[in-house]
Amino acid sequence: MKYRSAISLLIQKRPCIHQDIFNMQQGNKILFRSKFYFNTIRPNRVIAAAITIIATLFLQNANAQYALKLAREQDSLYNYAKAIPLYEKAYMKKPTAEAARGIAGAYFKQRAFVDAMPWYAKLVAMEDHTLMDEFFYAQNLMSSRQYPEAKTVLSKLDTTNIAINHTLIANMIAGCDSAVYWAAHPVKGDLANLEKLNSRQSDWGATNYKGNIIFASSRPVQLKRKEPFFRNTSFSPSTYGWTGDSYQHIYSGNTNDSAGISIFDTAIAAGFYHIANASFTADGNEMFFAVTRYIKKKAKFIGKEYPYHINIEIYYTAWDAVKSAWKQPVRFPYDDILQNSMGDPFITPDGKTLYFVSDAKENSFGGTDIYYSKRTRDTSWATPVNMGDSINTPGNERTPFLDSAGNLYFASDGHIGMGGLDIYKATPDANGGWQIVNAGVPVNSPQDDFTPYFTNGYKGYFASNRLLGKGGDDIYRFNAARILIFKLEGEVLNTKTRLPVSNATVTLNNLILNAPLTVTTGTDGTFSFMLDSITTYRLTAIKPEYTPSATEDLSTVGLQESTVIHKTLYLDNIIIPPPVIEPIYYNFDKWNIRGDAENPLDHIVQLMKENPNWKLEISSHTDSRGSDNYNMRLSQQRAESVMKYLTDHGIEAGRLSAQGYGETRLVNNCSNRMPCSEAAHQLNRRSEFMVQEK
């Protein structure tokens with residue numbers, strides 16, 4: 001019925017052909033020559049031809065829709081290796097933006113940037129592509145080293161209508177310029193692909209353990225697993241649908257003998273599906289690692305399960321010296337497999353702090369953030385702490401590693417970088433924050449570079465899926481040439497007093513990359529920055545109520561030794577003349593505060609609170625009537641009344657002085673025995689105010 005209805009609908013949309021067919025249907029006679037055909041046609045052949053064309057179009061569309069349906073199903077299960085050929089089949093049947101987007105996105109999620117590139121190009125050329133398509137296209141352009149093209153696409157993005165953090169887009173634009181500079185100024189050293197360790201699949205996460213290199217790999221492997229729960233599920237017991245390779249496992253080997261590579265511990269490996277990111281304490285007695293395992297949720301109906309993601313978890317285990325075996329692994333207590341992932345564990349050598357990443361949404365800065373948790377007892381861990389926005393970005397932070405000097409190495413696609421994941425070095429500063437430096441070329445590339453394992457600077461291992469590697473992700477060794485460390489230290493001082501200026505904002509601008517960094521001085525007025533090599537900088541300091549400092553230029557170009565550069569910046573505090581405060585007045589022979597004096601005094605209270613560096617001198621006076629001694633006492637009472645009013649309203653007594661002057665400071669000629677009006681005498685019954693700086 002659906003098939004016939006579809007044909008009828010198509011014919012009705014073509015009235016001229018429908019009319020020709022209708023008019024011909026009088027037996028087998030040829031009644032007239034159709035205006036659409038120059039040959040006589042039997043009516044049954046006309047009908048058959050029309051039905052064939054329509055049916056073919058319908059079947060092509062139906063086949064395309066069916067292939068799209070199957071592709072969506074595999075895509076939703078992260079089976080990108082299966083989704084790609086289905087999307088391609090749908091696209092061949094009917095080129096649509098959805099099919100092109102599915103192919104490009106699946107390749108991109110597999111980090112196959114070269115394969116994704118032509119599909120993104122096709123997608124953004126279609127009229128119904130989206131702004132997000134353009135954003136991902138720009139990401140892929142950067143990962144394909146096409147920086148000018150990527151910058152053009154990013155600069156034209158309508159950021160008001162795209163659900164991407166604007167800082168992330170700005171960092172990508174800056175990265176397009178920075179990448180060109182880093183490529184032209186590589187870090188000197190020896191880079192090598194560890195070919196004897198690497199396979200045609202993904203190999204990454206190298207670390208040292210008792211003379212061997214421990215790493216993760218998706219190379220083919222045969223392991224016994226309990227598989228009954230795979231019935232009626234979409235999970236394969238041997239192949240990871242995301243990549244089409246085997247599940248990740250931990251291997252042990254060395255750089256000299258590819259034949260000696262083996263599963264690190266089959267007892268541990270058999271209990272999970274993915275297992276990777278091994279990290280050991282210095283004594284080798286504890287191991288932390290990331291895993292995925294299959295957990296069934298409670299069925300809503302008999303025989304049915306709720307759909308859910310299989311998230312990443314962290315486990316750890318201790319070495320049993322008596323049995324010469326690893327103990328039963330224990331799950332990190334803050335894991336919640338049904339809510340979010342935790343992975344990339346790094347345990348400090350003393351075993352007291354665990355660094356890891358999580359995609360938890362609460363208090364998050366972006367995709368995956370780096371956290372740490374302190375060990376409170378052998379079996380207890382403190383609540384994880386997010387490392388803050390100096391480390392974490394709206395993008396993804398991955399694979400933390402802490403060296404013996406306290407420097408944090410990690411991977412990120414949110415900081416200014418070359419494309420994909422880049423490796424960064426974070427150095428703690430004096431204010432408790434971090435100064436971030438891109439590791440540069442050749443550690444970083446336009447593709448993904450991650451899992452740094454460095455000692456003594458950029459010396460050690462990392463992983464990358466850069467072009468011309470042996471497989472998907474490969475393990476590389478980089479031994480940097482003698483590392484030169486350049487540091488800037490200094491202080492901000494008051495020009496006149498030469499005392500430290502606290503809470504001044506000091507800005508160091510990289511003049512080559514136009515990438516400013518800022519810090520705030522402490523009570524001692526000091527500041528510090530780590531400097532890149534072969535770079536020029538401009539240094540300034542500012543603070544409200546001070547004139548900006550003169551700029552100081554500095555450079556590391558040509559420096560051949562590690563150096564600490566010292567700079568002193570000076571700020572002049574701006575002298576703001578104190579305001580003129582009008583006097584208040586008193587009744588004859590009285591010292592109480594009149595109603596008309598309250599508003600002026602309240603204004604003084606406000607000014608004093610807004611200017612905590614002010615002191616106030618209160619001088620009070622009388623008219624000439626009465627004896628000199630009496631008037632001196634009366635004026636002092638008036639001064640003390642004002643002082644009490646101000647202290648009652650929150651002004652510290654130590655900031656006030658009150659002095660009575662009797663009739664010694666008349667403002668007119670109304671002295672003793674001089675005839676004056678009451679209005680003239682009123683001008684002398686007053687309290688005056690003078691502001692002084694502390």
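Just so we're clear, the structure is a prediction, and the values are computed from it rather than from any experiment.
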Test item: [X] side-chain N/O and [Y] main-chain N/O as donor-acceptor pair under 3.5 Å:
X      : Y      : answer
Asn171 : Gly414 : yes
Asp422 : Met418 : yes
Ser76  : Glu73  : yes
Asn509 : Leu511 : no
Tyr247 : Phe272 : no
Tyr424 : Ile416 : yes
Asp133 : His129 : no

Using the rule side chain to side chain contact (heavy atoms under 4.5 Å, CB included), only one of Val443, Thr399, Asn438 pairs with Ile423; which is it?
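Only one of Val443, Thr399, Asn438 forms a side chain to side chain contact (heavy atoms under 4.5 Å, CB included) with Ile423, namely Val443.
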What I want to check is whether the side chains of [X] and [Y] have a donor and an acceptor closer together than 3.5 Å.
X      : Y      : answer
Asn140 : Ser143 : no
Tyr87  : Asp75  : yes
Asn392 : Asp389 : no
Glu397 : Ser412 : yes
Thr535 : Asn510 : no
Asn465 : Asp474 : no

Over 60° means perpendicular and under 30° means parallel, so classify the ring planes of [Y] and [X], tilted if in between.
X      : Y      : answer
Tyr120 : Tyr137 : tilted
Phe346 : Tyr355 : tilted
Phe289 : Tyr315 : parallel

Go through the steps for Ser464 and Asp449 under the test side-chain hydrogen bond (donor to acceptor under 3.5 Å, both in side chains), then give the verdict.
CA-CA 4 Å; Ser464 176; Asp449 308 286; 2.7 Å; yes
Starting at [atom1] of [X], measure out to [atom2] of [Y] and round the result to the nearest 0.5 Å.
X      : Y      : atom1 : atom2 : result
Gln447 : Asp473 : CD    : CG    : 11.0 Å
Phe365 : Ser390 : CZ    : OG    : 8.5 Å
Lys470 : Ser199 : NZ    : OG    : 7.5 Å
Ile261 : Ser217 : CD1   : OG    : 8.0 Å
Ser279 : Phe356 : OG    : CZ    : 13.0 Å
Leu517 : Met530 : CG    : CE    : 12.0 Å

Using side-chain heavy atoms (C-beta onward) and a distance below 4.5 Å, is [X] in contact with [Y]?
X      : Y      : value
Ile391 : Phe410 : yes
Met117 : Leu141 : yes
Lys361 : Asn340 : no
Asp413 : Leu421 : yes
Ile169 : Phe135 : yes
Arg477 : Asn479 : yes
Val291 : Ile312 : no
Asn212 : Phe264 : no

Minimum heavy-atom separation for [X] and [Y], please, with both atom names.
X      : Y      : result
Ser445 : Arg466 : OG-CB, 3.7 Å
Lys459 : Ala480 : CE-O, 3.2 Å
Trp119 : Ala104 : CB-CB, 3.8 Å
Ile475 : Asn198 : N-OD1, 2.8 Å
Ser358 : Tyr371 : CB-CE1, 3.8 Å
Ala100 : Met126 : CB-CE, 4.3 Å

Run the side-chain contact (heavy atoms from CB on, under 4.5 Å) check on Asp177 and Leu513 step by step: do they pass?
CA-CA 7 Å; Asp177 296 328; Leu513 301 179; over 6 Å; no
Can you confirm if the NZ or CZ of Arg111 lies within 45° of the ring axis of Phe108 and under 6.0 Å from the centre of its six-membered ring?
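Satisfied, under 6.0 Å and within 45°.
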Can you list the steps and then say if Ile213 with Asn208 is a side-chain contact (heavy atoms from CB on, under 4.5 Å)?
CA-CA 5 Å; Ile213 295 178; Asn208 285 324; 3.9 Å; yes
How about CE on Met132, more than 12 heavy atoms from neighbouring residues, nucleotides or ligands closer than 6.0 Å, or not?
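Yes, CE of Met132 has more than 12 neighbouring heavy atoms, counting only those of other groups under 6.0 Å.
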Does the side-chain hydrogen bond (donor to acceptor under 3.5 Å, both in side chains) test come out yes or no for Asn386 and Asn363, once each step is laid out?
CA-CA 8 Å; Asn386 188 299; Asn363 300 321; over 6 Å; no
For Leu70 and Lys89, run side-chain contact (heavy atoms from CB on, under 4.5 Å): C-alpha distance rounded to whole Å, both residues' side-chain angles, the deciding distance at 0.1 Å, then the answer.
CA-CA 10 Å; Leu70 295 178; Lys89 182 178 180 180; over 6 Å; no
How would you list, by chain and number, every residue that makes a salt bridge (Lys or Arg N to Asp or Glu O under 4.0 Å) with Glu134, sequence neighbours excluded?
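Result, salt bridge (Lys or Arg N to Asp or Glu O under 4.0 Å) vs Glu134: none returned.
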Run the ring-centre check on [X] versus [Y] and record whether the distance is less than 6.0 Å.
X      : Y      : answer
Tyr409 : Tyr453 : no
Phe462 : Trp204 : no
His249 : Tyr273 : no

With side-chain contact (heavy atoms from CB on, under 4.5 Å) as the test, would you mind laying out the steps for Phe215 and Thr207 before giving the verdict?
CA-CA 6 Å; Phe215 63 100; Thr207 186; over 6 Å; no
